[in-house]
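Below is one structure, written out as structure tokens; comments come after it.
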Amino acid sequence: LGVSNLVGQLSQISCVIHASSSQGADDFFNKLRRKTYMTPTSYLELIKLFTELLTAKMNELNTKLNRYRVGSQRLGETKII
């Protein structure tokens, strides 16, 4: 995915996500008296979801970029005629 240069930032946001989900679990318990847990599996699912969304967005942007390039090329071709 080309995110190797973002590992530091991703690890920081992972800490923020973990802390906020822990706080959310505490709030949930305080309001409804039901315990929830952030298991390693659920955390890995969150990372998997992030990578899937990132891949989808990158594909979407590449499609738009290719359309822009083709459109620009076509405009250049019509300018010659």
Side-chain angles (χ1 to χ4, degrees):
L1 292 173
V3 295
S4 58
N5 58 339
L6 301 174
V7 170
Q9 294 170 341
L10 290 173
S11 64
Q12 288 177 354
I13 196 68
S14 294
C15 292
V16 171
I17 290 170
H18 184 70
S20 64
S21 64
S22 294
Q23 181 61 43
D26 291 342
D27 293 344
F28 188 74
F29 177 75
N30 290 335
K31 288 180 183 176
L32 300 176
R33 293 293 182 217
R34 292 188 64 185
K35 277 284 194 185
T36 58
Y37 301 97
M38 182 61 134
T39 64
T41 303
S42 60
Y43 197 69
L44 289 174
E45 285 292 322
L46 176 66
I47 293 171
K48 179 182 172 191
L49 177 64
F50 174 78
T51 57
E52 289 172 356
L53 289 173
L54 181 63
T55 301
K57 271 298 181 189
M58 288 174 65
N59 289 338
E60 180 183 325
L61 289 174
N62 282 330
T63 300
K64 289 181 179 182
L65 182 60
N66 286 335
R67 287 180 181 164
Y68 175 78
R69 286 180 180 154
V70 169
S72 178
Q73 181 183 5
R74 297 285 186 256
L75 285 174
E77 291 171 357
T78 57
K79 185 178 180 182
I80 294 172
I81 298 176

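Residue numbers run from 1 in the order of the sequence given.
Across all their heavy atoms, K48 and T51 have their closest contact at O-OG1, 2.8 Å.
Considering CD of E45 and CD of E52, their distance stands at 8.0 Å, rounded to 0.5 Å. Interatomic distance, T41 OG1 to L46 CG, rounded to the nearest 0.5 Å: 12.5 Å. Going from atom CE of M58 over to atom CG of L53 covers 13.0 Å, rounded to the nearest 0.5 Å. Atom CG of D27 sits about 10.0 Å away from atom OG1 of T36, to the nearest 0.5 Å. Atoms CD and CG, on Q73 and N66 in that order, are 11.0 Å from each other to the nearest 0.5 Å. We find the CG-OG distance between L49 and S42 to be 12.0 Å, quoted to the nearest 0.5 Å.
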Without placing hydrogens or testing angles, list every side-chain donor-acceptor pair under 3.5 Å for residues 6-13, not counting sequence neighbours.
residue, atom, partner, partner atom, Å
S11, OG, V7, O, 3.3
S11, OG, G8, O, 2.7

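Here F28 is tied into one hydrophobic group with L32, each link being a pair of ILVMFWY side chains closer than 4.5 Å.
Without hydrogens or angle criteria, S22 side chain to H18 main chain gives a donor-acceptor distance under 3.5 Å.
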